[in-house]
Amino acid sequence: MSERPPAEPYCHADPVFYDLPAGDSASEFAQTRAEAAEGWRRRENDVWIVHVPEDHRMADQGWKIHISGTPANARRLVGTAWEYCVRHRVPFKFLRGTDVLTAHSLKYAPRSSSGKLVTLYPEPDRLHETLTALGQRLKGEEGPYILTDLRWEDGPLYVRYGGFRTRWCPDDDGTPVHAVERPDGTLVPDRRRPVFEVPDWVEVPGFLARQRAAHEEESSAADFPYRIESALHFSNGGGVYAGRDSAGRETVLKEARPHAGLDGTGADAVARLQRERRALERLAGLPGIPELYEYRTVWEHHFLAVRKMPGETLQTWLAAHYPLTHHAPGESATAAYARRALALVEKIAGIVAGVHARGMSFGDLHPGNILVHSGSGAGEAGEGEEDTVSLVDFELADDADSPARKGLGNPGFAEPDTTGTEADLQALEALRIWLLLPLTNLRELDPDRLAQQARTAEERFALPAGTLGARLAPPSRQTPEPLRTPRTVTAASGWPELRDSLARGIELAATPEREDRLFPGDVRQFTADGLTFAHGAAGVLWALRTTGAGHSPEHEDWLLRAAVRERPERAGFYDGAHGVAYVLEEFGHRAAAEELIDAARPATGALRDASLARGMAGIGLNLLHFHARTGTAAYRDEATALAGRVTEAVASGEAPGIRAPRGHGSRAGLLRGWSGPALFLLRLYEATGHAPHLDSAFRALHHDLDLCTEAPDGTLQADGGFRTLPYLETGSAGIALVAAEALAHREDARLRTALGRLRQALSVEFTLEPHLFSGRAGLIAALARLRRDDATGAGAGGDDAQDPALRHHLSALHWHAMSYRGQLAFPGEQLRRLSMDLATGSAGILLALSAALDGNRAPLPFLAPDRAP
């Protein structure tokens with residue numbers, strides 16, 4: 001699996017599902033639908049239109065040219081590039097239209113793609129000529145500064161050395177990233193950090209060296225009287241930094257880049273920063289409002305310096321204090337939390353009232369823009385008399401009576417047609433509800449859901465009716481049409497009805513006419529491909545068939561054709577070729593499956609990632625599976641060779657990808673942690689009887705325990721940085737599943753003690769998301785599997801009423817349940833769109849319900865010993 005890109009660019013094409021920002025026909029360029037010129041080939045690659053001369057062989061890598069543009073000048077730039085490239089036979093690609101360019105330039109779009117409108121791939125000896133000629137033609141045109149590139153002169157042309165075709169290699173932490181090739185043939189990461197850099201073996205051409213030196217001189221000579229100590233946040237519009245000014249004052253610096261970080265009105269980051277400056281000048285002296293120090297322009301970037309306010313974001317505060325994420329919170333604890341949370345809202349409301357009294361509205365009230373500082377009086381009792389609050393980020397602040405719609409806004413706290421002070425008051429109401437039941441992001445899919453959540457929160461926290469949501473205005477927009485039809489099943493429906501409704505919803509969402517994806521899922525399906533086990537067609541089809549929900553020959557044929565056509569470049573089980581091969585073999589397409597495994601061998605050989613999700617453990621388990629199914633000794637031998645590499649990683653205690661980057665805790669757990677390698681070594685021991693494999697499996701599990709921490713409720717959970725994690729992908733659930741399997745072979749005192757505390761962590765009352773990998777469904781699946789494997793439990797088919805945690809999770813799924821065309825469906829990660837995939841959507845929830853209510857199947861491959869047919 002790949003790291004998740006920002007969701008925002010994928011929310012504009014469809015109100016129900018994440019999708020590519022393809023734009024409408026009115027936004028397309030005249031060249032988008034045009035036929036290729038004579039002697040040229042044309043193809044489409046997601047949102048790009050690619051043109052290459054028929055007799056041209058594209059190099060693997062080299063110096064490429066980017067043309068940066070804005071929605072205002074994009075048509076002119078594409079026309080100029082088309083004319084030049086066709087005349088001079090330079091391969092090129094361009095975005096489909098202005099809507100796509102806008103999506104790539106939004107505030108929370110990836111910074112590395114901001115402004116990139118056209119890409120040219122000139123021959124090395126024509127790079128200077130092309131830059132010079134196009135630079136003259138495009139002189140004076142504007143566009144966002146492309147942070148990864150070196151600017152040519154002062155126009156919209158940028159250049160960098162990188163890959164021309166997509167190849168992959170593992171990064172330092174094991175993440176698959178785009179690759180370039182060293183002179184010795186080794187693939188290394190094609191760095192796309194927001195700074196111009198070149199590989200150490202590449203010499204910068206002389207004509208670019210002059211540009212580089214001028215840029216470095218201009219940057220270093222800038223008058224900047226601040227010492228940056230840390231980066232707090234990055235967006236496409238710029239960074240937010242903590243530091244000190246020349247007087248030693250703690251300072252927050254906000255950066256804005258021209259033409260970048262667009263909002264829904266087309267305003268860029270600079271326009272919003274200037275709005276924030278005006279707001280802070282008008283609000284000066286109000287309690288809870290940062291003091292403005294200065295506004296300055298350095299080089300082409302704008303900076304706002306303000307006093308650093310104390311505390312942590314309200315979002316971080318809730319993660320640490322919310323009682324329903326703890327094991328068995330008492331009623332006194334929940335009551336104390338409710339009092340403290342509602343008192344916080346009143347303090348926030350006081351600051352907002354002060355803003356309104358100055359004739360302004362804040363415009364963007366949500367937990368990320370509120371800081372909480374807990375004084376010495378805010379202790380375990382949770383009363384919080386000493387809590388203080390402040391507001392930050394005034395870039396959407398406006399006159400109190402302004403009718404202007406905001407171009408940005410947190411989807412859980414902003415109604416698009418509500419403006420001025422009323423928008424702030426409605427956000428305060430949403431905040432009251434969020435602090436007690438933090439599911440307000442569902443409001444984007446179902447605007448009526450917020451009032452229902454208010455009633456649920458009042459009941460759970462024993463509050464008088466009307467405490468929450470009494471001042472909520474009726475929603476200003478309707479629920480998207482496909483979500484309006486009432487569901488045909490309820491929480492009381494039996495397993496066959498639940499299964500069939502989930503399956504029908506998945507099938508109704510299928511798009512077999514598309515080549516990039518069959519089932520809508522998480523945005524990661526667009527950064528890898530739509531085939532994979534975690535986020536693509538393979539996992540969904542496997543879930544449907546393995547739960548008895550039926551199968552579609554048409555959809556299985558789609559997977560087969562796509563696998564032959566696409567040949568996934570990644571090798572991993574959940575993010576690449578091996579997961580697709582597993583499913584094809586299960587469906588009877590053994591020859592095609594074995595071809596995928598053959599094609600993945602070079603990528604497998606280069607892997608350093610040891611994980612189950614995308615590394616050696618997942619591949620090794622699949623090779624053991626193919627050996628069991630085919631009897632081919634070569635598969636067993638390959639698995640054994642991989643086990644040697646995994647065992648070395650276990651012995652050293654170091655493996656890329658397991659400890660999270662930048663100090664954000666760890667990835668301990670089944671899919672990303674040491675428990676995945678432990679499962680592989682355990683299955684290899686079962687297949688061979690070779691005791692050292694079992695020893696290494698236990699050692700790997702101990703590594704995962706080392707990465708866990710004791711939560712405040714005494715449970716054992718993965719250390720996720722600012723919060724603890726009990727989930728299947730990362731967290732207690734995955735570790736517990738493999739620990740129970742290992743303890744069936746031999747005793748281990750530490751593991752036995754830990755298993756009880758890991759299992760306790762699965763009984764949390766609240767999860768932010770419903771899905772299999774990092775949500776409630778994963779806890780359901782783990783509890784059901786552990787109960788089945790527990791010799792003292794009721795076993796398969798037993799009465800689940802004996803397990804109150806499992807019973808609660810099953811009933812609480814309705815907090816997230818939605819209707820899609822009358823069938824049961826669930827929102828994916830971030831709750832902003834529905835998902836049908838295995839990792840984040842309905843297919844994974846189908847597997848979890850099957851594990852709990854059917855009891856005959858493991859929720860994921862390899863969690864039960866393989867058996868040859």
Side-chain angles (χ1 to χ4, degrees), residues 495 533-534 538-539 541-549 573-574 578-579 581-583 585-587 612-613 617-630 635-636 639 643 669-671 675-689 693-694 697 700-701 728-729 733-746 755 758-759 762 772-773 777-798 800 806 838 843-844 846-869:
W495 162 237
F533 200 86
L541 293 174
W542 183 80
L544 289 170
R545 181 178 278 206
T546 199
T547 58
F573 188 87
Y574 282 89
H578 271 267
Y582 174 87
V583 174
E585 198 278 333
E586 289 276 292
F587 291 174
L612 175 60
I619 294 170
L621 282 162
N622 194 44
L623 292 170
L624 288 177
H625 168 80
F626 269 77
H627 172 251
R629 294 304 175 97
T630 68
Y635 290 129
R636 180 197 58 212
L670 179 63
L671 282 112
S675 294
L679 181 64
F680 169 39
L681 294 167
L682 188 63
R683 296 288 176 247
L684 190 58
Y685 164 72
E686 292 166 349
T688 65
H693 294 320
L694 185 61
L701 284 166
L728 190 62
E729 178 181 13
I735 303 171
L737 285 172
V738 184
E741 293 263 355
L743 288 168
H745 290 281
R746 79 174 185 214
L755 180 57
L758 292 166
R759 291 179 71 159
L762 311 189
L772 184 64
F773 278 15
L779 305 185
I780 290 172
L783 283 168
R785 187 70 192 172
L786 289 167
R787 186 167 173 273
R788 173 184 171 86
D789 291 342
D790 190 340
T792 63
D800 286 327
L806 185 55
L838 183 142
L846 182 64
L847 287 166
L849 290 176
S850 178
L853 303 178
D854 185 340
N856 292 324
R857 298 182 184 276
L860 289 174
F862 316 125
L863 286 179
D866 204 355
R867 298 286 183 259

Decide yes or no for [X] and [Y]: does some side-chain heavy atom of the first lie under 4.5 Å from some side-chain heavy atom of the second?
X      : Y      : result
Arg629 : Glu585 : yes
Asp854 : Thr547 : no
Ile735 : Leu670 : no
His578 : His625 : no

Return the [atom1] to [atom2] distance between [X] and [Y], rounded to the nearest 0.5 Å.
X      : Y      : atom1 : atom2 : value
Leu679 : Leu860 : CG    : CG    : 10.0 Å
Leu682 : Ser675 : CG    : OG    : 11.0 Å
Asn622 : Ile619 : CG    : CD1   : 8.5 Å
Glu686 : Leu694 : CD    : CG    : 9.0 Å
Leu806 : Arg787 : CG    : CZ    : 7.0 Å

Arg683 side-chain N/O to Leu624 backbone N/O, donor-acceptor pair under 3.5 Å: no

Any donor-acceptor pair under 3.5 Å from Thr546 side chain to Trp542 backbone: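 It does not hold such a pair.
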
Worked check of ring pair (Phe, Tyr, Trp, His ring centres under 6.0 Å) between Phe573 and Phe680: CA-CA 12 Å; Phe573 188 87; Phe680 169 39; over 10 Å; no

Which heavy atom of [X] sits nearest a heavy atom of [Y], and at what distance?
X      : Y      : answer
Thr688 : His693 : OG1-CD2, 3.6 Å
Leu853 : Trp495 : CB-CB, 3.9 Å
Leu623 : Tyr635 : O-CB, 3.4 Å
Ala678 : Ala700 : CB-CB, 3.9 Å
Leu701 : Ala742 : CD1-CB, 3.8 Å
Leu755 : Ala739 : CD1-CB, 4.3 Å

Non-neighbouring partners of Ala782 that pass side chain to side chain contact (heavy atoms under 4.5 Å, CB included), sequence neighbours left out: Ala733, Leu737, Leu762

Residues which pass side chain to side chain contact (heavy atoms under 4.5 Å, CB included) with Ala848, listed by chain and number, not counting sequence neighbours: Leu772, Ala777, Ile780, Ala781

Aromatic plane relationship, Tyr685 with His745 - under 30° parallel, 30 to 60° tilted, over 60° perpendicular: perpendicular

